[in-house]
Student: 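To start, I am sharing the structure in question, which I have written as structure tokens.
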Amino acid sequence: MNLQETLSNQVKQAVLSTFNIQLESVEFQATRKEFAGDITVVIFPMLRFVKGNPVQIGETIGNYLVENVDEVKAYNVVKGFLNVEIKDTYYFDFFNSIKDEETYGFVSPKADEKAIMVEYSSPNTNKPLHLGHVRNNLLGYSVAEILKASGKKVYKTQIINDRGIHICKSMLAWKRFGNNETPESTGLKGDKLVGNYYVKFDQEYKKEIEALIASGKTEDEAKKNAPLLLEAQSMLQKWESGDEDVVSLWKMMNGWVYEGFNETYKNLGVDFDTLYYESDTYLLGKEFVAEGLKSGVFEKEADGSVWCDLTEDGLDRKIVQRSDGTAVYITQDIGTAIQRIKDFPDVGGMVYTVGNEQDYHFQVLFLILKKLGFEWAKNLYHLSYGMVDLPSGKMKSREGTVVDADDLIDEMASTAAEISEELGKLDGYTKEEKEALYKTIGLGALKYYILKVDPKKRILFDPKESIDFQGNTGPFIQYTYARIQAILRKADFDYSVNLSSVDKSLHEKEKELLKQLELFPEVIQNAAMQHSPALVANYTYDLVKEFNSFYQNVSILGADNENEKIFRVQLSKKVAQTIKNAFHVLGIQVPERM
RNA sequence: GGGCUCUUAGCUCAGCUGGAUAGAGCACCUCCCUUCUAAGGAGGCGGUCUCAGGUUCGAAUCCUGAAGGGCUCACCA
């Protein structure tokens, strides 16, 4: 039983014995810094049941707690708030119980619990990854790690959108204007090369449209009948019918893209346990469309198209198969979901990391899967996140207004390098060690910048204003970690003993740190429940701020006596470890020096 | 037009299931490196929590409405 539960029971007992009233629950909050006390009981909600003056009620309960609860040292009442002071003994006991637990805050997966599959990234293979994908990747990866840390078994996956008209556009432009360029011949990353031809297609397509309009066609006609578009469409048909040339071109160019993506993923530090390709799954859903027709979940129109009527659920009618029998986007989503459960029978739910422009889509998808009768459909979650916008508005790859993922990662590292060199604290580091450190810091800044924001809020990113390295940032937290490591390197004495309140009293700053450490397991559980890395980021910031204040206000290695010194080193070490654990689930590394 | 969503300091964001005088960072202004790393610390300036009603002992938080922004409502993905 933790402290709050103990107090809750005792407060109920106090109210029962003095007022003869059974409270259902007791409300707590952290005591504000300006008042004495460690935890506060809010009296107001009790007034509904206990008639009387809140201050008097507070006094009564406070008295009871001091007399009956070992951990309670004293109390004071301010208005309707009962501030309770807790004895140092409690905090020493708590600290000793977690001191040597390396994975403090994390829960190991239970054998009998169902796994969760987390989908993220899921790019199209016609262009390189940009800042929007970066947010997606960081979020998905982090939520997967948070779920793991909270005690779930997790599979990371993605659905790679490797087919469709957009891919054919890149293919066609390459075939037409590419002069057999390859990543090798140009030195370009494969995804960049293919992306260039996607842009090239658009440019040439626009020229054709203009020419057609000049020759008297309407804009609409021109757009639909431009020869390039028609050829791209026929290429798609050839692909679907298995045309050898088209398929081998498709394989070659997608291969280039995958190589490029893998490099970006590696740089970003994200990974996947299993992959799904749209080209494998796009036909899958049709099987279940047929089944849904049989069971009456879907209905067929006269023209052969298949629909799902969701009007009774407050949504619209949704097409699930075209009149020509081909699959639409949602058809393959249905198939993919079912396939995943077949492949991984221990999976009991899925998380889809996809932008909020698809909120409606997922509402429909989940509802359809429920209607099809899948038990696991109730455990599907759309991790919906806001777009990353530029000051100029939306990023558009065809118009070249995107912030490229690789470029951004490089820029972050070089900014880190500039700052580091200016500060000049890295004597003795080899060039390789420095490079690795710059990457750690640069990526730390980028990842923290994105993850500290509530996923569902949109982010405005101004490329002209670089991401901060000071204040509430990744490097600030990394810096604190590095500082603690410096202390631990210098602490060449045995600090393994367990201390207690007879050995020393707690400094105010020490106690604040202990209280903050105490919150960590709860933060992980909360973040998992809410699918929000931002909660972990903000917690870590608070912890670090508290530590820095401690660090500048008391001497650690120069403490007055041996016990102070031992305890402060232990405490510092625990804070560092907690920073490391918290950053681990955010996918951010911590440096030994910086 | 229907649905969803957002609006907190000059800027970027916290604010847990309603609770004490709404908190941080950046920017601006003061201080603090002979002491464990100043990417730091201590303090100051800065708010009609978009607006109007309502519920409540108590509302940034819940409800209704309005304004402004975003997304969405394809036989696109």
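First the proteins, then the strands, lettered A, B, ... as listed; each starts at 1.
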Student: Under the rule for side chain to side chain donor-acceptor pair (under 3.5 Å), what residues qualify as partners of A:Ser414, not counting sequence neighbours?
Tutor: none
Student: Using the P atom in both, what is the distance from B:rC71 to B:rG25, to the nearest Å?
Tutor: 33 Å
Student: From the set B:rG19, B:rC36, B:rA77, return the single nucleotide nearest to any side-chain atom of A:Ile487.
Tutor: B:rC36
Student: For the P atoms, the ones on B:rA22 and on B:rG47, what distance do you get once it is rounded to whole angstrom?
Tutor: 12 Å
Student: Look at the aromatic rings of A:Tyr541 and A:Phe476 and report parallel, tilted or perpendicular, splitting at 30° and 60°.
Tutor: tilted
Student: Assign B:rC33 to syn or anti; the rule is syn for a glycosidic angle within 90° of 0 and anti otherwise.
Tutor: syn
Student: Among pairs that include at least one residue of residues 328-337 of chain A, which meet side-chain hydrogen bond (donor to acceptor under 3.5 Å, both in side chains), considering only residues two or more places apart or in two chains?
Tutor: A:Thr281-A:Thr336, A:Tyr329-A:Gln358, A:Asp333-A:His361
Student: Between the side chain of A:Asn83 and the main-chain N/O of A:Phe35, is any donor-acceptor distance below 3.5 Å?
Tutor: no
Student: Name all residues meeting the side chain to side chain donor-acceptor pair (under 3.5 Å) criterion together with A:Ser122; count only those two or more places apart in sequence or in a different chain, and write none if there are none.
Tutor: A:Glu119
Student: Mind checking the P distance from B:rU7 to B:rC51? Whole angstroms is fine.
Tutor: 13 Å
Student: For A:Lys51, what residues pass the salt bridge (Lys or Arg N to Asp or Glu O under 4.0 Å) criterion, not counting sequence neighbours?
Tutor: none
Student: With sequence neighbours excluded, what pairs up with A:Lys580 under the side-chain contact (heavy atoms from CB on, under 4.5 Å) test?
Tutor: A:Tyr481, A:Val590
Student: Please state the C1' separation for the pair B:rC13 and B:rC49 - nearest whole angstrom.
Tutor: 14 Å
Student: Taking the same atom, P, in B:rC16 and in B:rU50, what whole-Å distance lies between them?
Tutor: 15 Å
Student: Taking B:rA59 as the reference, what is the distance to B:rU48 when you measure between their C1' atoms (whole Å, please)?
Tutor: 15 Å
Student: Just call it for A:Phe469: base, sugar-phosphate, or nothing, with non-hydrogen atoms closer than 4.0 Å on any strand.
Tutor: base
Student: Side-chain polar contacts of residues 380-390 of chain A - donor-acceptor pairs under 3.5 angstrom, sequence neighbours left out - could you list them?
Tutor:
unit_1   : atom_1 : unit_2   : atom_2 : d
A:His382 : NE2    : A:Val354 : O      : 2.8
A:Ser384 : OG     : A:Asp359 : OD1    : 2.8
A:Tyr385 : OH     : A:Asn136 : ND2    : 3.0
A:Asp389 : OD2    : A:Arg458 : NH1    : 2.3

Student: Among A:Phe44, A:Tyr75, A:Phe28, find the residue that satisfies the ring pair (Phe, Tyr, Trp, His ring centres under 6.0 Å) test when tested with A:Phe81.
Tutor: A:Phe44
Student: Grab the OH-P distance between A:Tyr360 and B:rG2 for me, whole Å please.
Tutor: 16 Å
Student: Between B:rG18 and B:rG58, how far apart are the C1' atoms? Round to whole Å, please.
Tutor: 8 Å
Student: Heavy atoms, side chains only, cut-off 4.5 Å: are A:Thr326 and A:Tyr282 in contact?
Tutor: no
Student: Measure from the side-chain heavy atoms of A:Asn124 and tell me the nearest of B:rU72, B:rG41, B:rA77.
Tutor: B:rA77
Student: Partners of A:Ala30 by side-chain contact (heavy atoms from CB on, under 4.5 Å), sequence neighbours excluded?
Tutor: none
Student: Answer yes or no: does a side-chain N or O of A:Arg322 lie under 4.0 Å from OP1 or OP2 of B:rA77?
Tutor: yes
Student: With sequence neighbours excluded, what pairs up with A:Ser25 under the side chain to side chain donor-acceptor pair (under 3.5 Å) test?
Tutor: none
Student: OP1, OP2 of B:rA42 versus side-chain N and O of A:Ser549: anything below 4.0 Å?
Tutor: yes
Student: Of the listed nucleotides (B:rU37, B:rG41, B:rC71), which one gets closest to any side-chain atom of A:Gln552?
Tutor: B:rG41
Student: With a non-hydrogen cut-off below 4.0 angstrom, is A:Met594 in contact with a base, only sugar-phosphate, or nothing?
Tutor: base
Student: Once each nucleotide of nucleotides 20-25 of chain B is scored for protein heavy atoms under 4.0 Å, what B/S/- sequence comes out, 5' to 3'?
Tutor: BS-SSS
Student: Got a sec, which residues hit side chain to side chain donor-acceptor pair (under 3.5 Å) with A:Lys573, two or more places apart in sequence or on another chain?
Tutor: none
Student: Anything under 3.5 Å between a protein N or O and an N or O of nucleotides 4-12 of chain B, put it in a table, one pair a line.
Tutor:
unit_1 : atom_1 : unit_2   : atom_2 : d
B:rU7  : OP1    : A:Lys457 : NZ     : 3.4

Student: For nucleotides 54-64 of chain B, give me every protein contact, N/O to N/O, under 3.5 Å, one pair per line with atom names.
Tutor:
unit_1 : atom_1 : unit_2  : atom_2 : d
B:rC57 : N4     : A:Arg48 : NH2    : 3.3

Student: According to a strict under-4.0 Å criterion, is A:Lys490 in side-chain N/O contact with OP1 or OP2 of B:rU37?
Tutor: yes
Student: P atom, B:rG23 versus B:rG46: distance in rounded Å?
Tutor: 14 Å
